Structure formats: structure tokens, C-alpha cells
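Here's the structure, in C-alpha cells; my notes come after.
Bear in mind the structure is a predicted one, so any value in this text is a computation, not a measurement.
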Number of protein chains: 2
Amino acid sequence: MAKRAPRRTDGLSKEVIVQAAAAILDDGGEAALTFRALTARLSTGYGAIYHHVANKSDLLAAATDAVIARVMGDAVVEAEPREALRTVSLGLFDAIDAHPWVGAQLSREPWRPALLEVYERIGGLLEALEVPERALFDAAGALVNYVLGVAGQNAANARLLTDGEGDRAAFLATVSAQWESLAPEKYPFVHKAAAHLREHDDREQFLAGVDLFLAGVATLR
Amino acid sequence: MAKRAPRRTDGLSKEVIVQAAAAILDDGGEAALTFRALTARLSTGYGAIYHHVANKSDLLAAATDAVIARVMGDAVVEAEPREALRTVSLGLFDAIDAHPWVGAQLSREPWRPALLEVYERIGGLLEALEVPERALFDAAGALVNYVLGVAGQNAANARLLTDGEGDRAAFLATVSAQWESLAPEKYPFVHKAAAHLREHDDREQFLAGVDLFLAGVATLR
DNA sequence: ACCTGAACACCGTTCAAGT
DNA sequence: ACCTGAACACCGTTCAAGT
């Protein structure tokens with residue numbers, strides 16, 4: 001009886017490891033990604049992984065970069081900058097919604113190389129929108145931050161729902177009921193917002209925010 | 001020789017525990033908050049803490065709520081809604097900058113009771129700004145998300161700087177140099193942005209984003 | 001009711017040893 | 001060069017036992 005597990009015949013690579021990590025993250029969320037789970041999935045040892053990856057942080061960062069790079073690669077080039085900005089923003093939103101761990105990671109390490117592409121694309125499109133030079137960088141920073149910020153918050157909700165058992169409608173109904181039960185004299189706005197909360201569509205609300213932003217940018221011209 | 005540490009004479013309470021946790025978080029960042037560090041600081045045992053607090057998540061949430069509640073309590077009521085919105089936003093930004101762990105926590109659990117106050121205040125002020133009913137909730141959601149999102153990103157940077165050794169100027173110079181070294185044909189925007197990055201003020205850029213947002217909101221009237 | 005601290009079931013990471 | 005897996009130094013959390 002062999003004491004050791006059979007050795008992998010195909011070589012390991014950072015890419016293979018990062019892809020396996022992403023699969024684990026997608027399946028079970030952030031808590032599921034452990035080196036033990038990773039060695040099991042790859043039928044290998046700890047050292048083999050550490051040979052290709054510096055540590056867990058490095059692994060998460062690489063997996064995040066891969067997702068963002070894919071989104072930016074997929075995003076079609078549109079003629080009209082305003083529409084293109086909406087498309088790029090929504091692409092990021094959807095990717096982070098599909099991979100909630102990406103949202104958490106981006107808010108933890110916002111200077112990743114992957115975001116270079118995002119800044120370039122969004123900045124370039126704002127330039128095409130004829131935003132004046134003096135406001136261009138503030139506008140780009142604000143829009144990128146809005147997109148990542150909202151997508152991250154949304155991802156947190158998505159995580160809450162997959163980690164727990166409940167479905168989205170039930171969760172929103174609970175929060176909505178809480179808001180509704182607040183004294184209208186003390187919380188007039190939140191009290192009124194409760195009804196909207198139950199029916200709102202996250203994607204639409206996200207896009208409404210992008211549009212508000214672009215409307216603000218348009219006043220600068 | 002007594003085998004056991006002397007028993008606390010004053011009683012423990014959730015408030016005392018939460019405050020001690022906040023102090024540890026402020027001192028050493030998120031990694032420093034362990035139950036071992038907490039028992040040492042409070043001269044108590046694990047069970048004592050678990051008697052007042054459900055688990056670590058609960059502890060972090062309570063500490064976050066306390067910080068946000070303080071900010072919202074401190075925020076002065078201003079006559080002019082536009083100025084009041086800037087004040088509230090900046091108050092949140094500064095609080096999260098001073099306590100970076102709050103930013104991380106809020107992006108992890110965005111439905112905390114503490115945020116009720118934030119939604120109420122910001123929503124109410126937008127209402128005072130005569131934002132039409134149909135757009136009010138999207139606008140409030142977007143603005144709150146922008147504020148928390150940017151503040152969270154900023155907090156991540158702050159964390160990067162305190163956890164590592166470097167100072168802010170050196171860090172920005174490094175990123176800026178990286179951006180500048182990119183091929184201007186491939187990254188025209190980021191290449192140009194490098195100079196701005198070195199000199200920009202996070203607070204000012206944050207406020208510029210709030211203003212862009214409010215300008216967009218103003219077009220709805 | 002409130003508190004103590006040994007013990008348990010996990011982590012990420014290291015490293016001597018294998019091929 | 002690349003890989004294995006026992007071992008180490010941590011975690012959060014539990015719980016029988018104390019006051």
C-alpha cells in the first residue's frame with residue numbers, strides 16, 4: 001500500500017491554481033477557500049501551491065485580477081461614449097454580482113493592476129464625453145469608486161443570501177417590514193422607502209445612479 | 001500562589017467589551033482583534049466575553065454601529081440641504097478614514113441598523129432638495145452607496161499604509177511612477193492621470209464626487 | 001447570573017525530505 | 001525544479017467547573 005497519494009502527472013501552474021481557487025470561491029464563498037480544500041481539489045500538497053503562489057492574499061488578488069481582466073476583455077466597444085459607460089459599468093456590476101468575493105477583494109485592495117484597465121476605459125470614455133480637463137480625474141475617480149462601491153455592497157448582500165439559507169424576496173421583505181415598523185415621525189424617509197425596497201431592482205437602481213452621475217458630469221461642459 | 005488571575009471587581013458589559021474591541025481595532029487593525037487580545041485587555045476569560053456577545057461578527061458589527069451612531073449624532077443640522085449633505089458625507093468619510101475597519105465592516109454588512117440613520121438623514125435632505133418622488137429612492141441609494149463605497153476604498157488605502165511601513169507620499173509616488181511608465185499609446189488616460197494622482201487630496205476628490213452627484217440630482221427637478 | 005481557562009477543531013504557513 | 005505532508009503557531013468557540 002502506497003503511503004503517499006499518487007503524484008500529479010500534469011504540471012501545476014499559477015494559472016491552474018488560480019482557476020481552482022476561483023471555482024472554490026464561486027461554489028462556497030470566501031470561507032470555503034482554504035489551502036486544505038485547494039490541495040484536495042488539485043490532488044497536491046501545500047508546498048506545491050506555495051511554490052507558485054506567495055500566500056493566500058496573492059492567490060485572492062490573482063483570482064480577482066483574472067475576473068476583472070475577463071470582464072474588460074469582453075466589454076464591447078460602443079460608438080456612443082455615454083452608452084459605453086453604462087455598458088462597462090453594468091459589466092463590472094454583473095461580474096461582481098456573479099462572483100461576490102471579487103467585490104470584497106476589490107474593496108480590500110483598490111490599487112490592483114486589474115483596475116488600471118477599468119480606469120483607462122472609464123477615463124477615456126469620460127474624455128470622449130468632453131469632460132473638461134480640470135474635472136476629468138475627479139470624475140473618473142468618483143465614477144470608478146461608485147461602480148466598485150455599489151457593486152461591492154451588492155455583492156455583500158448576495159453573499160448574505162448564499163451563505164444563509166433565505167432567498168432574496170424573503171430577505172427584502174424582512175428588512176422592508178423592519179423599516180416599515182419604524183415610527184414615521186422619527187424616520188419619515190426610511191418609512192416611505194420601505195415599500196420601494198421590496199420592489200426595487202438592484203441592477204436598475206445601480207444604473208440610475210450611473211445616470212445621475214453622468215447627468216452631473218454633463219453640467220460641467 | 002494563586003492559580004487563577006484575579007477576578008474583575010467591576011462587572012463586564014457589552015458596551016465595555018465593544019469599546020475595548022474598538023480600541024484594539026484602532027491600534028492594530030483588524031488582524032489585531034482576537035479573543036485572546038481582548039481577554040488580556042479586559043483581564044477576563046473567553047466565556048465572560050461570549051456571555052455578552054454572540055461571536056466575533058456580532059462584536060465587529062456592534063463596534064461599527066457605535067462609530068456610525070456617534071458620527072450621526074455629532075453631525076450638525078444645517079439650514080441649507082446641499083451644504084448639510086456635504087457635511088454629513090464628509091463626516092462619514094472622516095470617521096471611516098479614522099477607523100478603517102468600519103469601512104471594511106460596512107461593505108461586509110450593509111444592512112446594519114446604524115445605516116438607518118444614514119439613509120434617513122441623506123434621504124430627508126434630498127427630499128428637502130425637492131428631488132421628485134420617483135427618483136428619490138434611487139438617488140438616496142446611489143448617494144449612500146457612493147459615500148460608503150469611496151470611504152471604504154479610502155479606508156483600504158489607509159489600512160495598506162498603516163499595516164505596512166510606508167508613508168502616503170511614498171506610496172502615491174510609487175503608484176504614480178508605475179502609471180507613468182505605461183505606454184501612452186495603450187494607456188493614454190492613466191498615463192496622464194499619474195501626475196494628478198501624486199498631488200490629489202482624497203477628501204477633496206471625495207467631495208468633488210458628491211458635488212457631481214448633487215449636480216446630477218439637480219437636473220431632475 | 002456571571003465568570004474562568006483548558007480543550008477542540010479548525011486555520012495559514014514552513015520545511016525537511018522525497019523525485 | 002517541483003512536489004509531499006507532518007508539524008508549528010496561531011485562530012474562534014465551547015463547556016465543565018468555579019463564585
Side-chain angles (χ1 to χ4, degrees), chain A residues 1-22 24-25 27-64 101 104-105 108-109 159 163-164, chain B residues 1-22 24-25 27-64 101 104-105 108-109 159 163-164:
Chain A
M1 235 191 294
K3 278 268 182 133
R4 306 207 158 199
R7 177 177 266 255
R8 292 175 60 86
T9 47
D10 53 330
L12 221 46
S13 69
K14 180 154 183 176
E15 206 192 323
V16 171
I17 294 170
V18 166
Q19 209 209 320
I24 292 175
L25 287 162
D27 275 12
E30 231 157 325
L33 180 63
T34 67
F35 277 79
R36 278 155 186 82
L38 205 50
T39 53
R41 189 179 192 111
L42 293 169
S43 326
T44 185
Y46 305 116
I49 292 171
Y50 276 98
H51 195 265
H52 294 278
V53 147
N55 49 41
K56 193 173 180 176
S57 230
D58 181 31
L59 184 58
L60 264 167
T64 301
W101 49 274
Q105 179 60 20
R108 222 173 289 139
E109 295 199 4
R159 221 152 42 219
D163 288 3
Chain B
M1 236 191 295
K3 277 269 183 133
R4 303 211 159 200
R7 178 176 264 256
R8 290 175 61 87
T9 46
D10 53 331
L12 221 45
S13 69
K14 181 154 183 175
E15 205 194 322
V16 170
I17 294 170
V18 165
Q19 208 209 321
I24 293 176
L25 287 162
D27 275 11
E30 231 156 324
L33 180 63
T34 67
F35 277 78
R36 278 154 186 86
L38 204 50
T39 53
R41 189 181 191 109
L42 293 169
S43 327
T44 185
Y46 305 117
I49 293 171
Y50 277 99
H51 195 266
H52 294 277
V53 147
N55 50 39
K56 192 171 179 178
S57 231
D58 181 30
L59 184 57
L60 263 167
T64 301
W101 49 274
Q105 179 59 18
R108 222 173 289 140
E109 296 198 6
R159 222 152 41 220
D163 289 3

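Between the CD1 atom of A/I49 and the P atom of D/dC2 there is a distance of 15 Å, rounded to whole Å. The nearest whole Å value for the distance from the CD1 atom in A/I17 to the C1' atom in D/dC3 is 11 Å. Straight-line distance from the NE2 atom of B/H51 to the P atom of D/dC15: 15 Å, rounded to whole Å. Atom pair B/L38:CG and C/dC3:P shows a separation of 13 Å (rounding to whole Å applied).
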Tabulate below the donor-acceptor pairs under 3.5 Å that side-chain atoms of residues 31-39 of chain B make, not counting sequence neighbours, or state none.
from	atom 1	to	atom 2	distance (Å)
B/T34	OG1	B/R36	N	3.4
B/T34	OG1	B/A37	N	3.0
B/T39	OG1	B/F35	O	3.1
B/T39	OG1	B/R36	O	2.8

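Using a 4.5 Å cut-off on side-chain heavy atoms (C-beta onward), A/S57 and A/L60 make no contact.
In this structure, of D/dT14, C/dC3, D/dC3, it is C/dC3 that holds the atom nearest to the side chain of B/L12.
For the segment residues 54-62 of chain B, no residue has any heavy atom less than 4.0 angstrom from an atom of DNA chain C.
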- Item | Under the 3.5 Å Watson-Crick or G-U criterion, the dot-bracket string of DNA chain C, with | for inter-strand pairs | ||.|||||...|||||.||
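Between A/Y46 and C/dT13 there is no side-chain polar atom (N or O) within less than 4.0 angstrom of OP1 or OP2.
In terms of position along DNA chain D, the nucleotide closest to A/H52 lies nearer the 5' end than the nucleotide closest to the other residue of the pair A/H52 and A/R36. Mapping B/A48 and B/L33 onto DNA chain D via the closest heavy atom, the residue that lands nearer the 5' end is B/L33.
A/A40 pairs by the side chain to side chain contact (heavy atoms under 4.5 Å, CB included) definition with nothing, not counting sequence neighbours. With sequence neighbours left out, the side chain to side chain contact (heavy atoms under 4.5 Å, CB included) criterion links B/A48 to B/L12, B/T44. Applying the side chain to side chain contact (heavy atoms under 4.5 Å, CB included) criterion to B/D58, with sequence neighbours excluded, gives B/K14, B/V53, B/A54, B/N55. In terms of the side chain to side chain contact (heavy atoms under 4.5 Å, CB included) criterion, residue partners of B/A61 (sequence neighbours excluded) are, by chain and number, B/Q105, B/E109, B/R112. Residues satisfying the salt bridge (charged side-chain N to carboxylate O under 4.0 Å, His left out) criterion with B/E30, sequence neighbours excluded, are B/R108.
Every pair tested for salt bridge (charged side-chain N to carboxylate O under 4.0 Å, His left out) that includes a residue from residues 44-53 of chain B fails, sequence neighbours excluded, so the list is empty.
Closest heavy-atom contact between B/A62 and B/V18: CB-CG2, 3.7 Å.
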